[in-house]
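Shown next, in structure tokens, is the structure this report addresses.
In listed order, ligands and their atoms are each counted from 1.
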Amino acid sequence: MKPPPFAYRRPEGRFALFRAEANARRFNASARRMAMPDLPEAMFLESIRALVRADKAWIPDSEDGALYLRPFMFASEVFLGVKPATEYLYIVMASSVGAYFKGAPSVSLWVTRDYARAGPGGTGEAKCGGNYATSLIAQAEAIRNGCDQVVFLDAVERRWVEELGGMNIFFVFEDGSLATPPLGGTILAGITRDSIITLARDMGLTVREEPYAIDQWRADAESGRLTEAFACGTAAVVTPIGRVKEVDGQFTIGGQSIGPLTMRLRSALVDIQRGAAPDPYGWTELV
Ligand SMILES: Cc1ncc(COP(=O)(O)O)c(C=O)c1O
């Protein structure tokens, strides 16, 4: 399991964790799906705080800099066979990071038709290594086709947009409303996704969690009903999507200019994380 909270350098000379408790809860939900034991939430939180205190000098003093925290757990029992293990190792690693997508104003997506990321009843909503292993061949296909990231459709009908290999997705419409695929077991419940829904609704915007078909996406982009789309996640923050490519063609979104609502939501999120705006939600914890 590997939920990645980040630690951010704050103007007051301290460091902020963002929604660490939510990451702890998701870590345990993922552990349960893998037939692994829960980790006491207090241990998860204290391990992260301790590592941030020890490694704070490594947090870059730059606009996009952060300390990437990678808690993970694996079975360490000496045993050959298929059963839940009786012994586990829990480790937290950290690394200094900068912007995930460097330089590009928007990303391009490849719609994979050959590969699915997760099926009903599977492990799609767990943060486990296997989900990333599954996505790598499709991501390689995206790169071969000149795109930055792969976008997965549902495994049953191959029709409904689900998420990217490591990010959730949002659509913005001309009436100012937003939509994002609903959580139903096959999509990772992104903490950024949840934060964006909250921020957008508190701005008075309508956010629908509803299925969105790939053909509809294309039609809406071409008709102008869809004005913006963005990917979001701890690492990617909020990243505009400019172009979507399929085997039989491609379409652009909003004429490839960066959408104003995307940037407004991105700023609202980043300002809370970095202490440039108040945090009415109690999402940040100073270390
Ligand atoms: C498959 C997948 N979806 C979505 C996300 C976004 O989740 P979060 O916002 O919690 O980082 C991630 C991030 O790690 C991910 O790996």
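- For the side chain to side chain contact (heavy atoms under 4.5 Å, CB included) test with Arg193, the passing option among Thr180, Thr198, Leu188, Ile169 is Thr180; the others fail.
- Within the 4.0 Å heavy-atom criterion, the part of Met167 lying near ligand 1 is the backbone and not the side chain.
- One option in Glu125, Glu163, Lys127 has a heavy atom closer to atom 14 (O) of ligand 1 than any other, and that option is Lys127.
- Which parts of ligand 1 touch Gly233 is read off a 4.0 Å heavy-atom cut-off, strictly below it: atoms 6 (C), 9 (O), 11 (O).
- Under the rule for a ring pair (Phe, Tyr, Trp, His ring centres under 6.0 Å), the partners of Tyr281 that lie at least two apart in sequence or sit in another chain are Trp283.
- Which parts of ligand 1 touch Gly165 is read off a 4.0 Å heavy-atom cut-off, strictly below it: atoms 1 (C).
- For the atom pair CD of Glu209 and CD1 of Ile187, the computed distance is 9.5 Å after rounding to the nearest 0.5 Å.
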Go through it in stages, so that I can follow the logic: the residues are Val161 and Val111, the test is side chain to side chain contact (heavy atoms under 4.5 Å, CB included), and I'd like the CA-CA distance, side-chain angles, deciding distance and then a yes or no. CA-CA 9 Å; Val161 180; Val111 184; over 6 Å; no
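- Listed by number with element, the atoms of ligand 1 under 4.0 angstrom from any heavy atom of Thr234 are 8 (P), 9 (O), 10 (O), 11 (O).
- Contact between Ala189 and ligand 1 is absent, with no heavy atom of the residue lying under 4.0 Å from the ligand.
- Heavy-atom contacts of Arg117 reach the following atoms of ligand 1: 1 (C) (cutoff under 4.0 Å).
- In this structure, Met203 CE and Leu178 CG are separated by 9.5 Å, a value rounded to the nearest 0.5 Å.
- Among Arg26, Arg19, Arg193, the residue whose heavy atom sits closest to atom 10 (O) of ligand 1 is Arg26.
- Residues Phe170 and Tyr212 fail the side-chain proximity criterion, which asks for heavy atoms closer than 4.5 Å.
- A salt bridge links Glu246 with Arg218: the closest approach of a Lys/Arg side-chain nitrogen to an acidic carboxylate oxygen falls below 4.0 angstrom.
- Every atom of ligand 1 is numbered from 1 in the order shown, and the set under 4.0 Å from a heavy atom of Leu188 is 2 (C), 3 (N), 4 (C), 5 (C), 7 (O), 12 (C), 15 (C).
- For ligand 1, one of its N or O atoms has an N or O atom of Ile191 under 3.5 Å away.
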